[in-house]
Amino acid sequence: MLNLRKTLLCGQCFRWQETAPGVFSGTAGGRFLTVSQKDLPLLKADPFWCSYFDLGTDYDTLQRQLAVLYPTLREAAQLGMGIHILRQDPWEALCSFILSQNNNIPRIQGIINRLCGGQEESLPPIMSGLRQQKSLHPFPSAETLAGQTEQDLAPLRCGFRARYLLDAAEKVASGTVNLEALRTAPLEEARRQLMTIIGVGPKVADCTLLYGLHRMEAFPKDVWIKRAMAQWFPGVAPSSFGPAAGLAQQYIFCWVRQQAGRTVSHK
DNA sequence: TGCCAGGAAGGAA
DNA sequence: TTCCTTCATGGC
């Protein structure tokens, strides 16, 4: 069963926050939502959110399949039980992870909020219905960003990443990089195309593939994962985690971050 | 001031 | 290919 806290606060997305204990507010697909764990049936009934939270995929089975591969992975998978890989907008995911490089999560969130024109106000909780409305601060399109300059982006305070964002915008807006086509392209080819964007290396490409294009076999390797793989899975190739390697990566990421005390509590 | 953060890029081995 | 060094920025 989907665990909202683990899914929304485990570093795969940057536009959600816990606005009250157990209550999460965030933006996706131009919609703003305030939701808590008890609202899961309502999410299932809404086509957009059902897809966004990937409620049609059997994560319990995936989790069990991963857990039997390695004892350490079993431990990580148990901690990560309930994590879903969100179906985020690929353009937004690409930008988010371009901005993530050499950066920390709170500051990434700040930059993205400024990029979208501000923070959304959380909606008051009520007892029934889904608390959603049209977002006042949707993510800017590639076309919008493509017309801007580094000076225009100065207020974001994203530093050297501004020119990466602009190059991504130009390539996506012009069709030089066709994100939708990367959903079905061979993984290595999709990766290669993303890496034609200045400032997009293997890690940002893999994050875009996993979190934006739902390529579950993609396995982003950041410093945390590299350390964890070296210590706990020496000699193990990500491909040995199978077609849901990306989910394994997310379990491991949350697990090592929790061990280091660098994440929210997983109740 | 110095260190750190979900890297990328270029060059050397 | 893999490893190492440099680059570049804001927050604490």
Side-chain angles (χ1 to χ4, degrees), chain A residues 6-17 76 79-80 83-86 88 90 92-115 119 149-171 177 188 191-213 215-216 218-239 241 245-264 266:
Chain A
K6 293 179 189 177
T7 298
L8 294 174
L9 304 183
C10 68
Q12 62 172 313
C13 54
F14 300 98
R15 296 201 73 194
W16 290 88
Q17 52 182 333
L79 180 76
I83 291 179
H84 284 204
I85 302 297
L86 297 170
Q88 300 183 66
E92 181 173 337
L94 171 62
C95 293
S96 298
F97 286 96
I98 283 175
L99 293 169
S100 78
Q101 66 178 268
N102 256 48
N103 214 339
N104 58 61
I105 291 175
R107 196 158 77 95
I108 298 164
Q109 292 172 325
I111 293 170
I112 293 173
N113 277 326
R114 290 190 288 278
L115 178 59
Q119 196 102 21
T149 66
E150 283 189 54
Q151 278 191 328
D152 294 330
L153 299 187
L156 300 182
R157 286 175 286 154
C158 65
F160 60 90
R161 306 165 190 88
R163 102 183 150 88
Y164 302 161
L165 214 52
L166 294 177
D167 190 61
E170 286 167 16
K171 286 194 167 77
V177 173
E188 277 311 310
R191 210 163 176 254
R192 192 193 62 74
Q193 286 218 19
L194 286 168
M195 287 171 61
T196 62
I197 297 166
I198 298 172
V200 175
K203 196 271 180 177
V204 172
D206 285 339
C207 283
T208 304
L209 288 167
L210 179 60
Y211 304 122
L213 294 159
R215 299 295 297 260
M216 292 276 271
F219 191 92
K221 280 179 274 194
D222 71 313
V223 289
W224 293 89
I225 291 296
K226 284 177 185 168
R227 280 197 296 257
M229 292 299 287
Q231 182 174 358
W232 301 105
F233 303 92
V236 173
S239 57
F241 294 140
L247 181 61
Q249 181 270 163
Q250 199 62 29
Y251 289 153
I252 296 167
F253 180 74
C254 295
W255 180 62
V256 293
R257 297 264 301 182
Q258 202 236 19
Q259 284 187 323
R262 301 297 289 274
T263 187
V264 294
H266 285 166

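Here is how names work: the chains are called A, B, and so on, in the same order as the sequence lines, proteins then strands, and each is numbered from 1. Every heavy atom of this structure was used, including side-chain atoms; hydrogens, water molecules and symmetry mates were not.
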What nucleotide among [options] has an atom nearest to a side-chain atom of [X]?
X      : options              : result
A:I225 : B:dG6, B:dA8, C:dA8  : B:dG6
A:R157 : C:dT9, C:dG11, B:dG6 : C:dG11
A:P202 : B:dA8, B:dG7, B:dG6  : B:dA8

Note to self: Side chains of A:R257 and A:I105, heavy atoms from C-beta outward: is any pair under 4.5 Å?
What the structure shows: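 They are in contact (side-chain heavy atoms under 4.5 Å apart), so the answer is yes.
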Next item on the list: Determine whether any donor atom in the side chain of A:R107 lies under 3.5 Å from an acceptor atom in the base of C:dT9, or the reverse, and answer yes or no.
Entry: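 In this structure, the two groups form a donor-acceptor pair.
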Note to self: Is there, by distance only and without an angle test, a donor paired with an acceptor across the side chain of A:Q12 and the base of B:dG6 below 3.5 Å?
What the structure shows: no
Expressed in angstrom and rounded to an integer, what is the separation of [X] atom [atom1] from [N] atom [atom2]?
X      : N      : atom1 : atom2 : result
A:I112 : C:dG10 : CD1   : C1'   : 15 Å
A:I197 : B:dA9  : CD1   : C1'   : 16 Å
A:L156 : C:dG11 : CG    : P     : 12 Å
A:R163 : B:dA8  : CZ    : P     : 13 Å
A:N104 : B:dC3  : CG    : P     : 17 Å
A:N102 : B:dA8  : CG    : C1'   : 8 Å
A:N103 : B:dC3  : CG    : P     : 19 Å
A:I98  : B:dA5  : CD1   : C1'   : 17 Å

Note to self: Please name the nucleotide paired to C:dG10 by Watson-Crick or G-U wobble geometry with both distances under 3.5 Å, or report none.
What the structure shows: B:dC4
Next item on the list: Using Watson-Crick or G-U wobble geometry with both distances below 3.5 Å, tell me the partner of B:dA12, or none.
Entry: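 Across any shown strand, B:dA12 pairs with C:dT2.
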Notebook entry, point to check: Do A:R161 and A:N103 pass the side chain to side chain contact (heavy atoms under 4.5 Å, CB included) test, and can you show the C-alpha distance, the side-chain angles, and the key distance before you say yes or no?
Noted result: CA-CA 10 Å; A:R161 306 165 190 88; A:N103 214 339; 3.7 Å; yes
Taking [M] as the reference, what is the distance to [N] when you measure between their [atom1] atoms (whole Å, please)?
N     : M     : atom1 : answer
B:dG6 : C:dC7 : P     : 23 Å
B:dA5 : C:dA8 : C1'   : 12 Å
C:dT6 : B:dC3 : P     : 16 Å

Any base atoms under 4.0 Å from [X], or only sugar-phosphate, or nothing? Heavy atoms, all strands.
X      : answer
A:G11  : base
A:F14  : nothing
A:I108 : nothing

Margin query: When you compare the ring of A:F253 with the six-membered ring of B:dG6's base, are the centres less than 5.5 Å apart and the planes under 30° from each other?
Written below: yes
Check: Would you say the side chains of A:D152 and A:T149 form a donor-acceptor pair under 3.5 Å?
Finding: yes
Item checked: Given DNA chain B, 5'-ward residue of the pair A:Y164 and A:R161, judged by closest heavy atom ->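 Its nearest nucleotide lies further toward 5', so the answer is A:R161.
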Margin query: By nearest heavy atom, map A:I198 and A:D222 onto DNA chain B; which one lands nearer the 5' end?
Written below: A:D222
Check: Are A:F97 and A:Y164 near enough that their ring centres are under 6.0 Å apart?
Finding: no
Note to self: Could you check, using the six-membered ring where one of them is a Trp, whether A:F241 and A:Y251 have ring centers closer than 6.0 angstrom?
What the structure shows: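 No, the ring centres sit 6.0 Å or more apart.
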Next item on the list: Could you grab the distance from atom CG of A:L99 to atom CZ of A:R107, nearest 0.5 Å is fine?
Entry: 9.5 Å
Item checked: Any A:R262 side-chain nitrogen or oxygen under 4.0 Å from OP1 or OP2 of B:dA5 ->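 The answer is yes; a side-chain N or O of A:R262 sits under 4.0 Å from OP1 or OP2.
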